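Heads up: the structure comes next, in structure tokens.
Note that the structure is predicted; figures quoted are calculated from it, not measured.
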Amino acid sequence: MKNIRFAYAGLLLLLSLLWWLADPLLPDGYGYFALRTVLINYTGVLAIGVMSVGMMLALRPVRVEPLLDGLDKTYRLHKWLGITGLVVSVIHWLWAQGTKWAVGWGWLVKPERVPGPPLTDPVEAFFRAQRGLAESVGEWAFYAAVVLIALALSKRFPYRLFFKTHRLLALAYLALVFHSVLLTPFSYWTQPMGVVLALLMAGGSVAAAVSLAGRVGHRRKAVAEIEELVNFPDNRVLKVAIRFKDRWPGHAAGQFAFVTFSVEEGAHPFTISSGWQGDGRLFFLIKGIGDYTARLPELVHVGDLVTVEGPYGRFDFADGGVSGKRRQIWVGAGIGITPFIARLKALAVEPDGRKIDLFYSTAEPDDEFIGRLQRDAKAAGVNLHIVVSARDGRLDVDRICSAVPGWAEADVWFCGPGGFGQALRAGFVAKGLLETDFHQELFHMR
């Protein structure tokens, strides 16, 4: 999380600094309307800047993953930027429209317009002539973006509809680029602010075009056939084993992929639950927690073709973190056990010499599922702790430390519900664990 916090704060600081160099905030003689103009410019720069970066991150850029510690963190930054763009755009709109309303209601008196020097630059003259169109396009694009971002943030909005409507944000973004190019103060374009804005909007526009064409992740997609389906009814988990018909580059334990079972439903992210043996086979363990995934056992069949895009993610069980520790504690809550199963499979083939304790916390135990997990843990030489909440109570830091006396010599890897992970992180840090030694997969991608 530290990397995306730095990236988020750094982007806002960079845009603010460049804007300040181009348009200092408080020169002498500022009145309300002059201040309004400056703040409209500032909020406009911030809004289109963060939206541009967010649009580029939507392409799932693999090269950015090492910098942001995985695609799950990249998507979290994408979400923050979307929310920031929404909030700043509302402020931008209020400065523009609110003042017009105040003038119309007689609360403010608009100063008389003083004619400026005649325009000699034909480009600037053209931009000035298009201001009315740019304002109208920007206003309607803003309304569309507000609705689409609000829908994307709503957990109640069905994923299959989110998958379709979220792409429309690319159209709204392109309209906002048109608005921004024509209404950005012309003097900006000859300064660093203008150069950075131009690069961001160019990158965002390319990303928007790729999204509208349905080409996001195109080069990382492969077609596979479902080979086996195993349903674990007690914990509502479905094992989907596939065999690739196309080339798959291989994956590391802890990575995930976007799987399309139905074109209408779109691609869903699922953690890969098996190690890679180079034989073109892998499997997913999918929890029935939503309307679609709950019905998946009825919808998919052996022999069906699926599209798999990936692999993504940096939940890679890397050696020892910054402290050089050679012991690990794994905590998988519910379906968060899946990356650990993949790692167990890999360790059974190639042990790494670490001492590992795996805690599997579940509210819905399935005997067959747990039996398979126990066999995998034994084959990998991993000490397994099963915690059934109805029987054993809630898993917490004290229970983990009691079961693993040498916990201070370990780094901790967690996958599961976000609130549970935050509680464990806070508890371990309070006991003296370095925050950098607690690794958490961000479970939600929207």
Does the pair [X]/[Y] count as a salt bridge with the N-to-O cut at 4.0 Å?
X	Y	value
E265	R295	no
E65	R314	no
R354	D411	no
K287	E364	yes
R394	D396	no
E225	K245	yes
R327	D357	yes
D352	R343	yes

Can K239 and E228 be said to form a side chain to side chain contact (heavy atoms under 4.5 Å, CB included), step by step?
CA-CA 8 Å; K239 175 184 177 182; E228 179 189 25; 3.5 Å; yes

Just by modelled atom types, is the [Y] backbone N or O under 3.5 Å from a matching donor or acceptor in the [X] side chain?
X	Y	result
H179	A134	yes
Q97	L94	no
S211	A207	no
S180	L176	yes
D304	I226	no
H92	I40	yes
E227	R243	no

Has R220 got its NZ or CZ under 6.0 Å from the middle of the six-membered ring of Y312, at an angle within 45 degrees of the ring axis?
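That pair qualifies as a cation-pi contact.
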
Nearest heavy atoms of [X] and [Y], plus distance in Å:
X	Y	value
V429	E435	CG2-CA, 4.1 Å
V90	F142	N-CE1, 3.7 Å
L77	L68	CD2-CD1, 3.9 Å
Y8	L81	CD1-CD2, 3.9 Å
P311	P249	CD-CG, 3.8 Å
V300	L229	O-CD1, 3.5 Å

Plane angle bin for [Y] and [X] - parallel if under 30°, tilted between 30 and 60°, otherwise perpendicular:
X	Y	value
F317	F340	perpendicular
F438	F428	tilted
W248	F244	parallel
F414	F420	perpendicular

Out of W276, F284, F256, which one pairs with H251 under the ring-ring contact (aromatic ring centres under 6.0 Å, His included) rule?
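Only match with H251 under ring-ring contact (aromatic ring centres under 6.0 Å, His included): W276.
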
Validation row: [X], [Y] side chains within 4.5 angstrom (heavy atoms):
X	Y	value
T43	W93	no
S16	L46	yes
V195	W189	no
K431	C401	yes
V331	W413	no
Q277	V349	yes
T184	V45	no
V177	I48	yes

So, taking the atom named NZ in K79 and the one named CD1 in I4, what distance separates them when rounded to the nearest 0.5 Å?
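Here the interatomic distance stands at 11.0 Å.
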
[X] [atom1]: over 12 foreign heavy atoms closer than 6.0 Å:
X	atom1	value
D367	CG	no
K355	NZ	no
Y143	OH	yes
R219	CZ	no

Check the pair H268, Y292 against side chain to side chain contact (heavy atoms under 4.5 Å, CB included), reporting the backbone distance first and the verdict last.
CA-CA 10 Å; H268 284 250; Y292 178 71; 3.8 Å; yes

Run the numbers on S205 and Y173 for side-chain hydrogen bond (donor to acceptor under 3.5 Å, both in side chains), then give the verdict.
CA-CA 8 Å; S205 297; Y173 169 78; 4.6 Å; no

Kindly indicate, with the supporting measurements, whether the criterion side chain to side chain contact (heavy atoms under 4.5 Å, CB included) is fulfilled by L344 and L358.
CA-CA 10 Å; L344 291 176; L358 168 59; 4.0 Å; yes

Is the F162-F157 ring centre distance short of 6.0 angstrom?
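They do not qualify: ring centres at least 6.0 Å apart.
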
F359 and W330: aromatic ring centres closer than 6.0 Å?
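No: the rings miss the under 6.0 Å criterion.
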
Residues D376, K345; criterion side chain to side chain contact (heavy atoms under 4.5 Å, CB included); working and verdict
CA-CA 7 Å; D376 287 340; K345 299 285 188 183; 3.2 Å; yes

List the steps and the verdict of salt bridge (charged side-chain N to carboxylate O under 4.0 Å, His left out) for D437 and R425.
CA-CA 9 Å; D437 285 338; R425 178 190 295 271; over 6 Å; no

Residues in ring pair (Phe, Tyr, Trp, His ring centres under 6.0 Å) contact with F283, at least two apart in sequence or another chain:
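If we apply the ring pair (Phe, Tyr, Trp, His ring centres under 6.0 Å) test to F283, skipping adjacent residues, there are no hits.
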
